[in-house]
Trainee: 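Before we start, here is the structure in question, set down as structure tokens.
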Amino acid sequence: MPMARVFSGVQPSGDLTIGNYLGALRHFVVLQHEHECYFCVVDLHALTLPQDPGELRARTEKVAALLLACGLDPARVTLFVQSHVPAHAELCWLFFGLTYLGELSRMTQFKDKARNRKTVTTGLLNYPVLMAADILLYQAGLVPVGDDQKQHLELARDIAVRFNNRFGETFVVPEPMIAKVGARIMSLDDPTRKMSKSETPDSYVALLDPPEVVAAKLARAVTDSGREIRYRPKEKPGISNLLTIYALSAGKTVREAEAEFDGLGYADFKKAVAEAVVETLRPIQARYRELIGSAELRDILREGSRRAADVAAVTLRTVQEKMGILLP
Ligand code: AQP
């Protein structure tokens with residue numbers, strides 16, 4: 001059995017957070033040693049909500065630099081920008097005819113993001129179809145994601161199965177890879193909500209936050225009544241979230257972290273969490289500074305999109321043929 005191909009994407013919709021890192025990026029780094037990997041800065045996904053054009057361009061480069069700074073090796077992985085490979089948008093269009101309005105409007109993320117908006121674009125609704133195209137274009141068998149993407153991945157699987165049933169075996173049906181710990185890092189100012197890069201800066205630690213900002217944000221993080229540092233996500237969501245962040249940053253289990261802080265006060269605990277996060281971010285920030293704006297980064301992305309486009313073209317052509325497109 002050949003090793004499953006891996007695909008995952010990251011949106012340049014804000015500053016990448018430790019939620020993105022702990023829930024997804026750190027797994028990419030491990031997977032690159034065992035699988036053929038495709039990682040993508042999904043700029044077209046970011047456009048499903050309004051973006052400042054200049055900022056989007058800058059953030060796209062920033063996210064690519066951060067992916068490399070987290071440890072992706074361009075000799076091992078194909079790293080590219082989604083819009084540089086037009087086959088993503090094309091396959092997405094072909095999938096529209098296989099996707100139902102009801103299944104898209106039921107998506108939790110769509111409902112969350114559409115809530116409180118005066119107008120809702122069809123881009124926001126169709127986001128999961130583009131995600132299905134991203135994954136299926138590379139015949140990826142494994143998709144490392146945080147817990148919030150589980151439902152979207154289910155749709156990608158449904159589309160693959162639907163296509164295979166209607167047009168004959170074509171797509172690998174992808175499996176999600178969701179970690180047991182860290183798959184849903186919660187917001188610092190409301191630990192009942194997911195940490196998100198498009199929320200207010202106090203709700204997350206960004207990968208590029210300087211040490212004093214990390215310490216200040218964690219010192220302000222909402223905790224729970226009581227004094228015990230115990231992992232009880234339902235009764236103590238704030239402390240449990242900080243324990244998870246600490247454990248993953250310090251390379252320990254949550255149980256080990258609990259034992260370490262037994263009897264300590266919240267303030268000392270938060271200081272220790274900040275120190276562990278700062279140490280995790282230090283090498284990432286150093287490598288990021290070398291890469292951002294460099295010719296090396298531009299060359300890596302150019303080569304990545306060339307390699308990705310070659311693979312994508314094969315799948316797209318097969319799909320076009322099966323669906324009855326007259327090829328030029
Ligand atoms: N809080 C989180 N905990 C664990 N994993 C997370 N991910 C996101 N937030 C958390 C995972 O990070 C990867 C990249 O995410 P994305 O950029 O594609 O978009 P997202 O899932 O919508 O992440 P954000 O940060 O919440 O972005 P916005 O605010 O723009 O919607 C994914 O694998 C995701 O699961």
Side-chain angles (χ1 to χ4, degrees), residues 6-31 37-52 55-56 59-60 62-64 66-67 70 72 79 81-82 88 107-117 123-124 127-128 130-132 134-135 140 142-156 174-201 203-208 221 233 237-238 240-242 244-245 247-249 277:
V6 168
F7 176 93
S8 202
V10 182
Q11 285 192 78
S13 47
D15 292 330
L16 290 195
T17 72
I18 54 166
N20 298 126
Y21 178 72
L22 299 175
L25 272 53
R26 73 192 173 98
H27 301 296
F28 300 177
V29 177
V30 176
L31 287 166
C37 292
Y38 295 80
F39 296 118
C40 185
V41 184
V42 289
D43 52 348
L44 298 177
H45 281 279
L47 282 169
T48 56
L49 284 173
Q51 303 289 341
D52 173 88
E55 265 178 37
L56 177 64
R59 270 201 248 106
T60 301
K62 214 167 159 181
V63 170
L66 273 171
L67 284 166
C70 286
L72 289 186
L79 174 68
V81 174
Q82 184 185 32
H88 288 247
M107 290 284 170
T108 313
Q109 198 179 84
F110 170 71
K111 288 195 278 189
D112 279 352
K113 293 200 169 180
R115 194 173 297 135
N116 303 329
R117 293 193 163 266
L124 198 58
Y127 174 113
L130 180 59
M131 181 166 154
D134 297 337
I135 297 165
L142 204 56
V143 186
V145 282
D147 183 60
D148 60 321
Q149 295 295 336
K150 203 167 157 185
Q151 204 182 22
H152 292 163
L153 205 83
E154 213 34 67
L155 182 82
E175 293 287 342
M177 194 198 120
I178 299 173
K180 285 201 178 72
V181 181
R184 184 172 284 257
I185 298 295
M186 309 309 277
S187 157
L188 298 179
D189 57 7
D190 177 359
T192 61
R193 289 168 58 84
K194 180 185 88 104
M195 182 181 284
S196 264
K197 61 176 120 63
S198 55
E199 298 290 331
T200 57
S203 69
Y204 59 76
V205 171
L207 295 187
L208 293 175
S240 302
N241 190 38
L242 293 180
T244 305
I245 294 172
L248 293 173
S249 303
V277 171

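Whatever order the structure lists ligands and atoms in, that order sets their numbers, starting from 1.
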Trainee: Considering heavy atoms of the protein only, find what lies nearest to atom 30 (O) of ligand 1 and give residue, atom and distance to 0.1 Å.
Mentor: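 Result: Ser13 OG, 2.5 Å.
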Trainee: Among Gln11, Lys194, Glu199, whose heavy atom sits nearest atom 23 (O) of ligand 1?
Mentor: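 Going through Gln11, Lys194, Glu199 one by one, Lys194 has the nearest heavy atom to atom 23 (O) of ligand 1.
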Trainee: Tell me which protein heavy atom sits closest to atom 15 (O) of ligand 1, plus the residue, atom name and distance to 0.1 Å.
Mentor: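 Protein heavy atom at minimum distance: Asn20 ND2, 3.5 Å.
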Trainee: Indicate the ring-plane relationship of His45 and Tyr127, choosing parallel, tilted or perpendicular according to the 30° and 60° boundaries.
Mentor: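 Geometry flag for Tyr127 against His45: perpendicular rings.
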Trainee: Using distance alone, decide if ligand 1 has a nitrogen or oxygen within less than 3.5 Å of any nitrogen or oxygen in Gly19.
Mentor: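 Min N/O separation from ligand 1 is below 3.5 Å for Gly19.
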Trainee: Do me a favour and list the nearest non-hydrogen protein atom to atom 17 (O) of ligand 1 with residue, atom name and distance?
Mentor: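 It is Lys197 NZ, 2.5 Å.
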Trainee: As a check for students: among Ser187, Gly146, Ser198, identify the option with a heavy atom nearest to atom 33 (O) of ligand 1.
Mentor: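 Looking at heavy atoms only, the winner is Gly146.
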Trainee: What distance separates Lys197 NZ from Arg59 CZ, expressed to the nearest 0.5 Å?
Mentor: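 Rounded to the nearest 0.5 Å, the NZ-CZ separation comes out at 9.0 Å.
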Trainee: Atom CG of Leu47 and atom CD of Gln82: how far apart are they, to the nearest 0.5 Å?
Mentor: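 If we round to the nearest 0.5 Å, Leu47:CG and Gln82:CD are 9.0 Å apart.
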Trainee: Which protein heavy atom lies closest to atom 21 (O) of ligand 1, and at what distance to 0.1 Å?
Mentor: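 Here the closest protein heavy atom is Asp148 OD2, 2.5 Å.
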Trainee: Nearest 0.5 angstrom please: Arg184 CZ to Ile178 CD1, how far?
Mentor: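 So the gap between those two atoms works out to 9.5 Å.
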Trainee: Counting only nitrogen or oxygen atoms and a 3.5 angstrom limit, does Tyr127 reach ligand 1?
Mentor: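 Between Tyr127 and ligand 1 (N or O atoms, distance only) the closest approach is not under 3.5 Å.
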Trainee: Is ligand 1 under 4.0 Å from a heavy atom in the side chain of Gln109, in the backbone, in both, or in neither?
Mentor: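 Looking at Gln109 and ligand 1, just side chain atoms fall under 4.0 Å.
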Trainee: Using side-chain heavy atoms (C-beta onward) and a distance below 4.5 Å, is Val6 in contact with Phe39?
Mentor: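 The answer is yes; the side chains approach within 4.5 Å.
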Trainee: Answer side chain, backbone, both or neither: which part of Lys113 comes under 4.0 Å from ligand 1, heavy atoms only.
Mentor: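 The answer is the side chain of Lys113.
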Trainee: Quick one: does ligand 1 sit under 4.0 Å from the side chain of Met195, the backbone, both or neither, non-hydrogen atoms only?
Mentor: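 It is both backbone and side chain that touch ligand 1.
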Trainee: To the nearest 0.5 Å, what is the distance between CG on Asn241 and CE on Met195?
Mentor: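 The CE atom of Met195 is 6.0 Å from CG of Asn241, to the nearest 0.5 Å.
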Trainee: Is ligand 1 less than 4.0 angstrom away from at least one heavy atom of Ser8?
Mentor: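 No; Ser8 lies far enough from ligand 1 that no heavy-atom distance drops under 4.0 Å.
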Trainee: Please step through side chain to side chain contact (heavy atoms under 4.5 Å, CB included) for the pair Phe110 and Leu124, ending with a clear verdict.
Mentor: CA-CA 7 Å; Phe110 170 71; Leu124 198 58; 4.1 Å; yes
Trainee: Check each heavy atom of Ala24 against ligand 1 and say whether those closer than 4.0 Å belong to the side chain, the backbone, both or neither.
Mentor: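 Contact part for Ala24 vs ligand 1: side chain (C-beta onward).
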Trainee: With a 4.0 Å cut-off on heavy atoms, is Gly9 touching ligand 1?
Mentor: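 The answer is yes, since Gly9 has a heavy atom less than 4.0 Å from ligand 1.
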Trainee: Working to the nearest 0.5 angstrom, can you tell me the gap between Leu188 CG and Leu242 CG?
Mentor: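 It is 7.0 Å, given to the nearest 0.5 Å.
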Trainee: Say whether Thr17, considering both its backbone and side-chain N or O atoms, lies within less than 3.5 Å of an N or O atom on ligand 1.
Mentor: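 No: no nitrogen or oxygen of Thr17 is under 3.5 Å from one in ligand 1.
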Trainee: Going from CZ on Arg193 to OG on Ser203, what distance comes out if it is rounded to the nearest 0.5 angstrom?
Mentor: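 Interatomic distance, Arg193 CZ to Ser203 OG, rounded to 0.5 Å: 8.5 Å.
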Trainee: If we set the cut-off at 4.0 Å for heavy atoms, which region of Ala46 has an atom near ligand 1: side chain, backbone, both, or neither?
Mentor: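 No part of Ala46 comes within reach of ligand 1.
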Trainee: Would Ile185 count as a polar contact of ligand 1, with the cut-off being nitrogen or oxygen pairs under 3.5 Å?
Mentor: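 There is such a contact, yes.
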Trainee: Are Lys62 and Asp15 within salt-bridge range, i.e. N to O under 4.0 Å?
Mentor: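 Looking at Lys62 and Asp15, the cut-off is met.
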Trainee: Report the C-alpha distance between Ile18 and Leu207 in whole Å, list the side-chain angles of each, state the deciding distance to 0.1 Å, and finish with yes or no for side chain to side chain contact (heavy atoms under 4.5 Å, CB included).
Mentor: CA-CA 6 Å; Ile18 54 166; Leu207 295 187; 4.1 Å; yes
